[in-house]
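Comments concern the structure below.
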Amino acid sequence: MNVTRRKFIQITGAVAAGIAVSGMGFDLSPVRAYALTLKTKDAKETTTICCYCAVGCGAIVHTSKDKGRVINIEGDPDHVINRGALCSKGSALSQLAENKNRLTEPMYRAPNSKEWKKVSWGWALAEITKKIKATREATFTLKNAKGETVNRTTAIASVGSAALDNEECWIYQALLRSLGIVYIEHQARV
Amino acid sequence: MTNHWIDLKNSDCILIMGSNPAENHPISFKYVTMAQQSGGKVISVDPRFTRTSSKADIYAPLRSGTDIAFLGGMIKYILDNKLYNEEYVLNYTNASFLVHNDYGFKDGLFTGYDPQAKKYDKKTWGFQVDEKGVPKRDLTLKDPRCVFNILKDHYNRYDLALVSKITGTPEANLLEVYKTYAATGEKGKAGTSMYAMGWTQHTVGVQNIRAMSIIQSLLANMGIAGGGINALRGESNVQGSTDQALLWHIWPGYTGIPTSSVASLDAFLAKIKPTTNDPLSLNWKQNYPKYAVSMLKSFFGENATKENEFGYQLLPKPDDGKSYSWLDLFDEMYKGSIKGFFAWGMNPACSSSNAGKVRKAMANLDWMVNVNLFDNETGSFWKGPGMNPSKIKTAVFMLPAAVSVEKEGSITNSGRWMQWRYQGPKPLGNSKPDGDIIMELGNMLREAYKKGGGKFPDAVLKLKWDYMTDGKFDAHKVAKEINGYFLEDATVNNQQFKKGDLVPSFVFLQADGKTSSGNWIYSGSYTNKGNMAARRSQKDAPNNIGLFPEFAWAWPVNRRIIYNRASVDLKGRPNDEKRWVVKYTFEQKEGKYVPGKWEGDVPDGPAPPLQNPDGTARTDGKYPFIMQKDGFAAIFGPGLTDGPLPEHYEPLECPVEKNFMSAQRVNPTAPVYGTDADAFASCDPRFPYVGTTYRVSEHWQTGLMTRPQAWLLELQPQVFVEMSEELAKLRGIKNGERVKVSSVRGALECTAVVTKRFKPMEIGDTIVHQVGMPYNYGWRWPVSGKEESANLLTPSTGDPNTRIPETKAFMVNISKIKRG
Amino acid sequence: MATVLKDSLQTIQTHRALSPHYTELLDILEEIMILREEYRRRMQRETFPVDEKLIPAKMAGGFPLIDFSSVIGDLTEPQHYFLALLEIAEKRAPGETDEMARKIIEGEIRFNDLIYESFNPLPEEEEAADDEENSSFDLVELFIEESLRPALEMVVTRYGAAAAKAGWEEGYCPICGREPKIGEIRGKKENRYLFCNQCGFEWNYRHIKCPFCGNEEQQSLAYFTIDGDERYRVDVCNECKRYIKIVDSREAKQKADLDVEDIATLHLDMLANDEGYD
C-alpha cells in the first residue's frame, strides 16, 4: 500500500521513476534532537459499560502502563446509546476505581468482637468453606414433611448480585444450587 | 423493556409514570427529548413534580399507590370513545375470547377467593374452548362473555369523578392525559410507557403494569417502534442477573423451577411445556424441555446422563406453594432459622424494606459472607446504630471485590443488550474479581466434599466446574457455556455440526442431551462467529429506526423489538410505513403465494403472516404473540395471583378508611408477616402522611458505591425529606432544618426540603399530604453516621405475585427535632 | 476540508514561535499553503469526475470514490501545480529541481507515472530504502502528494457529505483511498476523525480500532503521550505495528489545522518509529 511515514522520514522519497532527489531531502536533525528530549507516557484504552443504572452507557477507561491504574474514564463517543455523554455518576467513574476507601484486603470479624481483623484470602476462603459445610451438614434435608425429595438446605441464604457480570451470576447460581440452597435472591426483588 | 433505549425517540407519546428517567436514567432522556423534538408528547404522572415533570408537555399529580385507578380510567376512556385499534384488538389480542361462564367479579373480589388462605382458586378465570380444545372467539365482540365486554364492564366503574377522588388528580388533568395518550391508537402512531420501581414496589405492582399492557394492547402499541412496555431497570446488570436466575423461583432463562411435588424430570418437562390445539399458534414455550435439558447439561456436563435424568435430582426443590422470596428470607432470618448468609455485592441493611428488621435478623446468623467494594452497613451491621457487638455472635467475612473496570465479562442493559466489558487496570490491592472468588470457593468446597465426604455430596461433586484458565476465572469460558455447545456430532435443521461447536442459536438445542446451553435466551451470543456482545458496528438496519443490529447483542436472537410481528397487518405490511420494524414480502410461484422473507429486525419466528396479499388465509401463518400459548396479547390474564384484570386497591398502609372502589381496602392476596418487627399503621393518627421513596442522580441505590466518593457525596451530602409548603407550615418546619421522619417501624433524621414539588391533595373529604425521601443513604458513609436509610420506615409487605416490597406508599409522621 | 488560508498561516506562526526546530519546514509549508490557495482558485474543471450514482455502492463496498490503482486521467492541472511547487525547493537549492522539471515538461518522465507510483509503490524499493538511517524529509514526495490536493478538494467539496453520510467504516480515505497519518478527537461528541493529507478529507472513525489492520482487540491497542503535552497522542497497534498521530482538540477553542499539525509533529513520528511502529 502507501509509503509509510517511517520511510517518508528516513528515506529520501525514492519516488520511482529513478529520480535522484538527495539534494531535496530536508534535514530533520533539529527535530531529531528535540525528540530525544521528550518523555513518553504509555497508556491503553479499554471500553466498559457503566456499572450504575441499566441504560448501559459506554465509557472508555484510560489505564497507565507504568502504574497500572486508571488515569481517566470518559464517555465512549462510539457507543450508540450514549454517544459520549455520561451522567453525574458516570462522569465520576474514575473515583470509584481509584478510591482510598476501597476494601483491598479480606477482613474478618470474630463472634462478639468489636473490630475487623485483616486476614489472608487463603484463610478466609478456608474458614468460609468450613462454615458452609458445617451448616449444610447440620441442616441438609433429603425429604420434606410430605416425604417428597427436596435435597436442600433452608439454613443458608444468599442475596446478590446485579453487580456481577452475567458469567459470574451464572456460576454463582450454579454453585449455590449445587449446595442445595433455595433462598436465592437479589436486587431484582427490591 | 420490550423495546430498547434508542427506540424511545420513535415515539409519538411517552407516558412516564412510576419512573423519573431525567434523574434516575439520565442518558435515556436524550431519546425522550428527541421524541419531543420530532413532535412527540411527553407525559409525566408522579406524586412529586420531578425533573422529568419539568421537561414534560403534560404533568399530572397522583397520590402514591393509585396508579390502577388512574390507568383504569384511561381504559374506560379508550373504550367509551372507541379509540382502540379495532383490527389489532380483534386479530392480535384475546379480546374476542370467551371467558369461563362461572367467572365473575363482585365488590373487589374475583371469583374463587378463599379468605382463610388469602388466595384465589383460579379455575374460573380460564377461557371457553371448542371441541378441538381451541379457545372460543366471538369476532363480532358482542357476546357478553367475551373478554372485550368483560373488560368494558370491569372498567365502566372507573369514571372520571371516582378516579379523581381516589387519585387526587384533577379531572381536567386526567382528561388531558387520557386524550393525549389514547391518540396513539390511531394507525401509524406510537405510544410507549416508561416505568420503574414507582410501579413495581406496591402491593399491586404487577397489576399496575398489567393495566398499562391492556392499554398498549388496545392502542396497538405492542411490537412497534416507539411503543411497548418499558421497564427502566435500575442496576447495570439486574436484567442479566435475573436472566441468569439469581432468584429462588426460576432457572436460567425463565424455564420455571421444579417444586417438591414434581418428582421426575419427565414430570417437570411436561409441566413446563404448554400445549395448544391451535395450529396457528407457534407457542414457543413448547420448546422449554429442550432448554431445560440443555441447561442441565451445562450444570453437570458429562455427569448429566439420560439415566440419571440429566442430574435433575441433584438440584434442590422448594416446597409447593411456599415462597422463598426476599421478604420471606429475612422473615426466616429474623425468626432464626437461617444460619449462614451471603450478601454478595448487595447491601440489604439499607436496600431492604423494613431495614430495621433486616439488621436485627442478621444478628441471628452464625456467619455472614459480605463481598463488596467498600465497607458497608450490611457487613458492619454488628457495629451499627443500636447494636451491641459483644452480644452479636455472627462471624463476618468481608471480601474485597474488584471494580467492574478491573475485570472482564458481559452485562445486560434494560433493553436486553448484552454488552462486553474489558479489563482496564488490574484489581486494586488484594481485591479480586467476583468470578475468581466464586471459582476459588467452589474449588475448596468440592475439595472438602471429595476428601471428607458429607451429605448428598454428588450435587457438589458432579457440578461442571472448569471455568478457570491458568488459575483465573475465565469469563469467555462461561459465556460459551451459557451460549451452549454441540456435545456430539449432530445434524439439526438440515445443518451439520461437530462435537464442540458452539450452537448458533437456541433453535438448535435438543432435549436428548446432545446439546448444552446454560441459558437458552443467551444462545446465539457467543458462537463460532465470535463474541457477539463485543460488537461495536455503527451501522443501523435498513429501516433506520436506531436498531443498530451489529452493536452488542440482544436476547433473544438479537431481536431488538419484541413481538415485532404485531407491527404489521395480517398480510405482513407495516402499520407504520415511516418507522417500520419488520415487513414481509411473499414470493409467487405459478400464480400462488409461497413463503418469502421478513426484512428489518429479527422477526418473532420465520413463519409467514396470517394472510396472503390477496386476503386469503394461510395455514402456515402464525399469531404474533409467540410467547403466549394461544398466540394473543392477554387483555384478560388468567395467570396472576391476584386477578385476571387489574383492580384498584389501597396500599397496605394508606390514608383513607375505605377504598372508594370496593369493600376490599387492600389487595386481598397481599402478603403480610407476623413478627414483632412487622407492625403496620393504616389511617393511624400517629402517622398521618403518605411517604414514598426515590433516588437522586448523584447516588446509586443504597449509595454504597457512591457515598464513599468525594465528588458525589459533596453534590448530595444528606438524606432529605421533601414536603409541601403547606405541610411545612402546618408542622412549623423550615426549609433546611433537620427533622425526624418516623413510621410505626422506625425513624430517621432528615434535612427538610420545603418545596412546591409536592402539593396537598383532596382525597374524598380529607386533605392528604405526601412526603418523599431518597433511600440512597446509610450510617457507614458519610462517616458522620447521621445519614440513615429511608428503608427503616418502609413495610414488610409487597406484591403477591413478585413479592417486591411496597416501599413506594406507606404512612409516616414528621416532627421537629427538639435539641438541648 | 482545510481551513481558510488566514487561519493556517496563523497556526503556522504559532507553531514557529513555540517550536524553533520546525522553522524551516514551516516556512516551506507556508509557501505551499499560499500556493495551494492560488491553485484552488485557478481550478477550472473536474480532474476527477465521479459517477454520483455509484457513490452508495462504492461506499458500501469499501471502495474510495477515486481509484488510483488504475487509470488516472488528465492530470494537466495537477502537473502545473507540481511544477510551481518545485520552485519552492528551487529557491533553497538552486539547480536541484531544474532537471526534474525539464524531464517532466519534455515528457521524459510521465507525471502520471509519478502519481501512480506514489499510490502504488514498488515493494522492493521500500525494502531497499529501509536501510537508510539518516533523518531527512523529502520534498518531492510531499509535492507529489500536494499536487493533487486542489483537484481532490473539488471532489471533497462536492461529494464529501455523501461519503460521510454513507457511514464509511474503513481506515483509509473514502475519497482517494490514502491511509491517514494524523487524526483528531474533537467536538461535543468527542469523536475520532482521521485526516487524509492527500485530499484534505476527514471522516469519523471509531476509537479503539486500528485504522490500518482493523484490529479491535483492546489489549493489543495502546497509545502514548508526551509528558507535559497532552494535546497530542499517538495511537499504536501491536498487531500490525502501525501508528497514527492524534490531536486532542477537546480543550481547544477551534478545530486543528491538520496539514500544519502533521508537519509540526514529526517528532511524534520519530518517537513512534523508535518504538518500532511504522
Side-chain angles (χ1 to χ4, degrees), chain A residues 46 48-49 51-57 61 63 69 80 82 87-88 92 95 97 101 103-107 109 111-112 114 129 131 133 135 140 144 148 150-152 155-170 172-173 175 178 180 182-190, chain B residues 25-28 233 235-238 240-242 244 246 248 260 316-318 324 326 329 338-340 342 344-346 351 367 389-390 393 396 398-400 403-405 409-410 413-414 419 421-422 424-425 429-430 434-435 438 442 444 455 459-460 463 475 478 548 551 698 700 708-709 711:
Chain A
T46 47
T48 193
I49 303 299
C51 58
Y52 297 118
C53 87
V55 171
C57 297
V61 182
T63 306
R69 298 307 310 165
V80 298
N82 62 309
C87 72
S88 47
Q95 275 208 351
N101 293 327
L103 294 166
T104 55
E105 302 290 344
M107 310 289 274
R109 183 262 176 183
N112 309 102
K114 288 192 172 72
T129 301
K131 299 234 184 261
K133 193 174 173 190
T135 307
F140 201 85
N144 66 6
E148 296 160 334
V150 290
N151 294 335
R152 70 182 181 211
I156 305 176
S158 166
V159 299
S161 176
L164 304 190
D165 291 347
N166 281 315
E167 297 73 24
E168 294 168 334
C169 289
W170 196 90
Y172 187 45
Q173 63 87 32
L175 182 64
S178 81
V182 285
Y183 280 112
I184 302 172
E185 286 284 282
H186 83 287
Q187 283 93 338
R189 203 77 73 182
V190 292
Chain B
H25 299 83
I27 300 301
S28 76
R233 309 214 64 168
E235 306 225 4
S236 59
N237 197 35
V238 76
S241 52
T242 305
Q244 312 307 343
L246 276 171
W248 77 272
S260 54
K317 296 194 196 101
Y324 298 76
W326 186 273
L329 187 162
I338 292 176
K339 306 289 176 199
F342 295 93
W344 202 302
M346 214 178 163
S351 65
W367 54 269
S390 62
K393 57 161 185 173
V396 187
M398 193 181 293
L399 306 179
V403 170
S404 56
V405 298
S410 74
N413 80 359
S414 207
Q419 305 194 80
R421 299 197 283 208
Y422 294 83
N430 269 327
D434 299 284
I438 298 162
M444 287 176 126
K455 289 204 177 139
V460 184
L463 185 68
V478 184
F548 296 102
F551 192 95
E698 294 76 11
W700 186 65
Q709 293 184 43
W711 299 344

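The chains referred to below are lettered A, B, ... by the order of the sequence lines, with proteins before strands, and numbering in each begins at 1.
In this view, B:Ala475 and A:Glu167, B:Trp420, B:Phe473 satisfy the side chain to side chain contact (heavy atoms under 4.5 Å, CB included) rule, not counting sequence neighbours. With sequence neighbours excluded, no residue forms a salt bridge (charged side-chain N to carboxylate O under 4.0 Å, His left out) with B:Arg233.
The residue among B:Ser404, B:Ser410, B:Pro318 with the most heavy atom pairs within less than 4.5 Å of chain A is B:Ser410. Annotation: maximal heavy-atom pairing with chain B below 4.5 Å, among A:Val80, A:Val150, A:Thr46, A:Val61, occurs at A:Val80. Among A:Thr135, A:Val190, A:Asn144, A:Asn82, the residue making the largest number of heavy-atom pairs under 4.5 Å with chain B is A:Val190. Options A:Gly160, A:Gly180, A:Ser178 differ in how many heavy-atom pairs under 4.5 Å they form with chain B, and the most are formed by A:Ser178. In terms of non-hydrogen atom pairs under 4.5 Å with chain A, the most contact-rich of B:Gly429, B:Pro26, B:Pro400 is B:Pro400. The choice from B:Ser260, B:Gly435, B:Ser414 that makes the most heavy-atom pairs within less than 4.5 Å of chain A is B:Ser260. Note on B:Ser390, B:Gly240, B:Gly442: by heavy-atom pairs under 4.5 Å with chain A, the leading option is B:Ser390. Between chain B and the residues A:Ser88, A:Pro111, A:Ala92, A:Ala97, the most heavy-atom pairs under 4.5 angstrom are made by A:Pro111. Top candidate by heavy-atom pairs under 4.5 Å with chain B, chosen from A:Ala163, A:Cys51, A:Cys57, is A:Cys51.
B:Gln419 places a side-chain N or O within 3.5 Å of a backbone atom of A:Gly56 that can act as its donor or acceptor partner. Looking at B:Glu235, its side chain never comes within 3.5 Å of a backbone N or O of A:Gln187 through a donor-acceptor pair. Judged by distance alone, with hydrogens and angles left aside, the side-chain atoms of A:Ser161 form a donor-acceptor pair with the main-chain N or O of B:Gly345 at under 3.5 Å.
Looking at B:Ile438, both its backbone and its side chain come within 4.5 Å of chain A, counting heavy atoms on both sides.
Atom NE2 of A:His186 and atom CE of B:Met346 lie 7.5 Å apart (nearest 0.5 Å). One finds the NZ atom of A:Lys131 at 9.5 Å from the CH2 atom of B:Trp367 (value rounded to the nearest 0.5 Å). The CD1 atom of A:Ile156 lies 6.5 Å from the CZ atom of B:Phe342; values are rounded to the nearest 0.5 Å. Here B:Leu246 contributes atom CG and A:Ser158 contributes atom OG; the two are 7.0 Å apart, rounded to the nearest 0.5 Å. Atom-to-atom distance recorded for A:Leu103:CG and B:Met398:CE is 6.0 Å, nearest 0.5 angstrom. A distance of 9.5 Å separates OG of B:Ser236 from CG of A:Leu164, quoted to the nearest 0.5 Å.
Residue-environment remark: NZ (B:Lys393) exceeds the threshold of 12 foreign heavy atoms within 6.0 Å.
Residues A:Tyr172 and B:Asp434 have side chains not in contact (no heavy-atom distance under 4.5 Å, counting atoms from C-beta outward). Within the 4.5 Å cutoff, the side chain of B:Asn413 has no heavy atoms near those of the A:Ile49 side chain. A 4.5 Å side-chain heavy-atom check between B:Pro425 and A:Thr63 finds at least one atom pair inside the cut-off. The shortest distance between side-chain heavy atoms of B:Gln709 and A:Asn101 does not fall below 4.5 Å. In this structure, B:Leu399 and A:Pro106 have side chains that are in contact, with non-hydrogen atoms separated by less than 4.5 Å. Taking the side chain as every heavy atom from C-beta outward, A:Glu168 and B:Trp344 never approach each other to under 4.5 Å.
Residue A:Arg152 comes nearest to B:Pro316 through the heavy atom pair CB-CB, 3.7 Å, listed as atom of the first residue, atom of the second, then distance. Contact detail for B:Lys317 and A:Val182: the closest heavy-atom pair is C-CG1, 4.2 Å. Minimum heavy-atom separation, A:Asn166 to B:Gln244: OD1-NE2, 3.3 Å.
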